[in-house]
Participant: 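Structure incoming, see below.
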Amino acid sequence: MVTILFGAGASFGSGGCSPYAPPLGNDLFFKLNEQGGNFSKLNGEIKAKFIDHGFESGMASIEDDSRNITPMQKEMACYLSKFSIKNDNAYARLFNKIRADLSEITIATLNYDLLIEQAISINGYNVDYNADGKGVSLLKPHGSSNFLPQLPTGWNISGNVIKGGGVYFEGLETKAAGSHEEIKKWCANPRNSDLSPVLALYQKGKRIVINNELINNIQRKYVEAVSQSNLIFVVGVKYVEHDNHIWDSLSSSNAKIVIVDPYPDDTVRWADTHSLQNVEVMKSGFESVVLPMARMIKKHIRNL
């Protein structure tokens, strides 16, 4: 079995995006600040945390109050869902080259954007977020901009204030929106005033405030896929030590792990620290290695 794990570096380095490539984490705050919404209204001290210490530190400095967190999560989902692929995008090109084998591969991504979904769709497949055999398996262990919780008919939960951590709402039906416009419309609907798309807070711990169990289940399926794989690609994923839900299963894997990253030093140190023997490094951006990745995947699957 083959698993491909994509991170922010993959989308950033995928080429062929409109209006431009989704930013890396270090640049995300600046882009959100430019939108003129909630991120732009943060005080100077908190903005300095984002700028000087990174996005996770900035988010951790915001008061844990649903009146702050919910609109910021919506803003992030609307921003990151606006990106679309062009025909020469690396995701589209890779999936085209391995189209016949896509059903044999588990794709996972830590990104909130929808580039992979678009690339799967233009190659003629359905997206299966639950890895239930109903399309190309796409696991999103940090949630997604288009995971929209649905209130039951007749429910109204507006006006709640939730402070002090934990999950705001659990067990709501979640639908995967198909477009940026649908996400914007959902976020603007007053009925959803206390809700946000199901995506992890971009801070240490990657806390889920809406439908935590849904994401826990996706993370369990990710761990299962990694454990069953004998070839794993880690593409544009920044090693973050405290993201145990991502790295622990990779650390204990006996699979061949291929690291694709133009700046792989931190990930290589992680592999060395865990004495991983079967590791290959492609020191390049995603856009430049589509062909060798495709060849390796097809050869591996043919030899199974």
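We number each residue from 1, following the sequence as shown.
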Participant: What closest approach, in Å, do Ile122 and Ala119 show between heavy atoms, and which atom pair accounts for it?
Facilitator: CG1-O, 3.4 Å
Participant: Output, in order, the C-alpha distance, side-chain angles, deciding distance and verdict of ring-ring contact (aromatic ring centres under 6.0 Å, His included) for Phe50 and Phe30.
Facilitator: CA-CA 9 Å; Phe50 278 98; Phe30 297 100; 9.5 Å; no
Participant: Minimum heavy-atom separation for Ile46 and Asn43, please, with both atom names.
Facilitator: N-OD1, 2.8 Å
Participant: Is there a chain of hydrophobic side chains (I, L, V, M, F, W, Y, each step under 4.5 Å between heavy atoms) that links Tyr168 to Trp155?
Facilitator: yes
Participant: Kindly assign one of parallel, tilted or perpendicular to the pair Tyr79 and Phe83, based on the angle between their ring planes and the thresholds 30° and 60°.
Facilitator: perpendicular
Participant: What's the spacing between Ile98 CD1 and Glu104 CD if we round to 0.5 Å?
Facilitator: 11.0 Å
Participant: With Asp101 as reference, evaluate Lys298, Arg295, Arg302 under the salt bridge (charged side-chain N to carboxylate O under 4.0 Å, His left out) test and give the passing residue.
Facilitator: Arg302
Participant: Please confirm whether Phe286 and Tyr91 have ring centers closer than 6.0 angstrom.
Facilitator: yes
Participant: Starting from the C-alpha separation in whole Å, work towards a yes-or-no answer on side chain to side chain donor-acceptor pair (under 3.5 Å) for Ser229 and Thr3.
Facilitator: CA-CA 6 Å; Ser229 293; Thr3 293; 2.7 Å; yes
Participant: For Asp272, does the CG atom sit with more than 12 other heavy atoms under 6.0 Å from it, leaving out its own atoms?
Facilitator: yes
Participant: Verify, without hydrogens or angle tests, whether Gln219 (side chain) and Pro141 (backbone) share a donor-acceptor contact under 3.5 angstrom.
Facilitator: yes
Participant: Kindly list each side-chain donor-acceptor pair under 3.5 angstrom involving residues 231-244, sequence neighbours excluded, with atom names and distances?
Facilitator:
| residue | atom | partner | partner atom | Å |
| --- | --- | --- | --- | --- |
| His242 | NE2 | Glu56 | OE1 | 3.0 |
| Asp243 | OD1 | Lys206 | NZ | 3.1 |
| Asp243 | OD2 | Lys206 | NZ | 3.3 |

Participant: I need the single residue from Asp128, Val127, Ile218 that forms a side-chain contact (heavy atoms from CB on, under 4.5 Å) with Leu138. Which is it?
Facilitator: Val127
Participant: Which distance, rounded to the nearest 0.5 Å, do you find between the CD of Gln203 and the OG of Ser61?
Facilitator: 9.5 Å
Participant: Can you tell me how far the CD atom of Glu170 sits from the CD atom of Glu213, to the nearest 0.5 Å?
Facilitator: 6.5 Å
Participant: Is it the case that atom CG in Asn254 sees more than 12 heavy atoms from other parts of the structure closer than 6.0 Å?
Facilitator: no
Participant: Measure the CG-CD1 distance between Leu214 and Ile208 for me, rounded to the nearest 0.5 Å.
Facilitator: 8.5 Å
Participant: Using a 6.0 Å cut-off, check whether atom CZ of Phe29 has over 12 heavy atoms from anything other than its own residue.
Facilitator: yes
Participant: What orientation do Phe55 and Phe39 show, parallel under 30°, tilted 30 to 60°, or perpendicular over 60°?
Facilitator: tilted
Participant: Does Tyr129 form a ring-ring contact (aromatic ring centres under 6.0 Å, His included) with Phe147? I'd like the steps, not just the answer.
Facilitator: CA-CA 10 Å; Tyr129 289 113; Phe147 286 3; 5.0 Å; yes
Participant: Under 3.5 Å, is there a donor-acceptor pair between the side chain of Ser14 and the main chain of Ser11?
Facilitator: yes
Participant: Does a sphere of radius 6.0 Å around NZ in Lys47 hold more than 12 heavy atoms from other residues, nucleotides or ligands, not counting ones at 6.0 Å or beyond?
Facilitator: yes
Participant: What are the two closest heavy atoms between Asn123 and Ala92, and how far apart are they?
Facilitator: ND2-O, 3.5 Å
